[in-house]
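Atoms within a ligand are numbered from 1 in the order they appear, just like the ligands themselves. The analysis underlying the following values was restricted to heavy atoms, covering all of them including side chains, and did not include hydrogens, waters or symmetry mates.
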Amino acid sequence: MRHPFDLSLYLVTDPKLCGPRDFFETVAQAVRGGVTLVQLRDPDAGTRELVAIARRLKALLEPSGVPLIVNDRIDVALAAGADGVHLGQSDMEGADARRLIGEERILGISVGNASEHEASREALSGADYIGVGPVYTTATKANSGAAIGLEGLAAVTRAVGLRSVAIGGIGASNAAACIAAGAEGVAVVSAIMGADDPQAAAQALLEEIRTAKDTQ
Ligand code: TZP
Ligand code: MG
């Protein structure tokens, strides 16, 4: 049975955005603020370091039941006992990833735009959800592609037909619009990792998202 998950407020981590604040403390505050999923994303960390960080995050998240997803690295996810993996279009195809991670773990795959999806339908096979974006311009990820806007988000979500989480340049002021466009939740990096008060930032985002869902 697949691990249940709630895409409402999906924190994607970035240690570079915490400033002097401790990375794990930042994630702990975000969890207290109500994030519903956490993804370990750290393109600069080596394999051993990533496994160690993933283990610590898994232990930190355990009491709240918030699932841990590892970006890009199936090997790290399996070694650390994470709850899922998130892959990009240039990573392994969905069906192959599913064979490796088994039926319980969550599989997410990024989709940048509708034509990219059309070109790679097999790549999404076995996925539980898609990450769609960047919806808005973002400085957090270099080479993340052109912003696809709310129209792009709506088009991809409709075309793919899987649960979707919007990403890229999202904060409390534009989260509701992403839900209205068809996303089940929003994924954020800087709006929480870089906030002065990560707990309050998460709370404010969740409030916007829940209100948007309630009024749908
Ligand atoms: N993938 C597409 S955009 C992005 C990722 C990881 C970064 C989003 O960061 P932010 O700070 O929420 O705009
Ligand atoms: Mg990736």
Check: What residue and heavy atom of the protein are closest to atom 2 (C) of ligand 1, and at what distance?
Finding: Ile167 CG2, 3.9 Å

Notebook entry, point to check: Applying a strict 4.0 Å limit to heavy atoms, is Val188 in contact with ligand 1?
Noted result: yes

Next item on the list: Go through the side-chain N and O atoms of Glu207 and Gln203 and say whether any donor and acceptor fall under 3.5 Å apart.
Entry: no

Margin query: Quick check for you: to the nearest 0.5 Å, what is the distance between Gln29 atom CD and Met193 atom CE?
Written below: 10.0 Å

Item checked: Heavy-atom nearest neighbour in the protein, as seen from atom 12 (O) of ligand 1, with distance rounded to 0.1 Å -> Val189 N, 2.9 Å

Next item on the list: Mark the output for Met193 as yes if a heavy-atom distance to ligand 1 is under 4.0 Å, and as no if none is.
Entry: no

Note to self: With the threshold set at under 4.0 angstrom, would you say Gly133 reaches ligand 1 through any of its heavy atoms?
What the structure shows: no

Item checked: Identity and distance of the protein heavy atom lying nearest atom 1 (N) of ligand 1 -> Lys141 CD, 3.5 Å

Note to self: Strictly below 4.0 Å, N to O, side chains only: are Lys58 and Asp83 in salt-bridge contact?
What the structure shows: yes

Note to self: Which of the numbered atoms in ligand 1 are under 4.0 angstrom from any heavy atom belonging to Thr138?
What the structure shows: 3 (S), 8 (C), 9 (O), 10 (P), 11 (O), 13 (O)

Margin query: Counting only heavy atoms closer than 4.0 Å, does ligand 1 sit against the backbone of Thr140, its side chain, both, or neither?
Written below: side chain

Check: Say you draw a straight line from CG of Leu40 to CZ of Arg56; how long is it, rounded to the nearest 0.5 Å?
Finding: 12.5 Å

Notebook entry, point to check: Of all N/O/S atoms in Asp72, which lies nearest to the Mg ion (ligand 2)?
Noted result: OD1

Next item on the list: Compute whether any side-chain donor of one residue and acceptor of the other, for Arg73 and Thr47, lie under 3.5 angstrom apart.
Entry: yes

Notebook entry, point to check: Hey, what do you get for CG (Leu205) to OH (Tyr10), rounding to the nearest 0.5 Å?
Noted result: 15.5 Å

Notebook entry, point to check: Between CD1 of Ile148 and OH of Tyr136, what distance do you get to the nearest 0.5 Å?
Noted result: 10.5 Å

Next item on the list: For Ser190, counting its heavy atoms only, list the atoms of ligand 1 lying under 4.0 Å from any of them.
Entry: 10 (P), 11 (O), 12 (O)

